[in-house]
Amino acid sequence: MRSSRRCSRNGCPRQAVATLTYVYNESTAVVGPLAAFAEPHTYDLCEQHARSLTAPRGWDVVRHEGEFEPPPHTTDDLVALAEAVREAARPAPIRPAEPDVTDLDINPSTGRRGHLRVIPPRH
C-alpha cells in the first residue's frame, strides 16, 4: 500500500513527496523530504510544487538539494488506520440549507423529528 498523502495545493491530485514548513520568526520557508507524519502546521507538496515554491519578499527559501522520492510502500495497518482517521476527521462539505419546517415529515403524536421538537404556541 502506498501512502495516500496528496499535495496540499488546491486542485493538485499528485502524490506528496516533500513537506513545507514556515519558520516565521526567521522569515524562512523550508522545503524538505516528506515528513513521516502529517503535522498541523506543515504542508505536503508534490515535486512540481516543491521545486517551484517561492516565498514573499524578504523571506528565504531553504530547499532540499537532493531528489524528492515518493514515500516507501507500507503494509503497516496502523499507518493505514491513522490515515483513515485523519481523512474522516476532515470537515464535511457544506450542505444546502435545510428545508422549511413546514416541509418536514413531523410525527404528529410527539411533535418530534429526529432530535428537534415542535413546541406548540401558548394561548
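If you read the sequence from its start, that first residue is 1, and numbering goes on from there. Keep in mind that what you see is a predicted model, and the values were worked out from it rather than measured. No hydrogens, no waters, no symmetry mates; every other heavy atom, side chains included, goes into these values.
The structure places CD of Gln15 at 6.0 Å from CZ of Arg6, a figure rounded to the nearest 0.5 Å. How far CG of Leu45 is from SG of Cys7: 5.0 Å, rounded to the nearest 0.5 Å. Remark: Leu34 CG to Phe37 CZ distance equals 11.0 Å, nearest 0.5 Å. In this structure, Asp44 CG and Arg9 CZ are separated by 13.0 Å, a value rounded to the nearest 0.5 Å. Atoms CG and OG1, from Leu20 and Thr42 in turn, are 8.0 Å apart once rounded to the nearest 0.5 Å. Within the model, atoms OH of Tyr43 and NE2 of His49 stand 14.5 Å from one another, a figure rounded to the nearest 0.5 Å.
Looking only at distances, no side-chain donor or acceptor of Arg63 sits under 3.5 Å from a matching main-chain atom of Ala29.
Within 6.0 Å of the CG atom in Asn10, the count of heavy atoms belonging to other residues, nucleotides or ligands does not exceed 12.
The heavy-atom pair separating Ala55 from Asp60 by the smallest distance is CB-O, 4.5 Å.
Hydrophobic clustering (side-chain heavy atoms under 4.5 Å, transitive across Ile, Leu, Val, Met, Phe, Trp, Tyr) keeps Val30 apart from Leu53.
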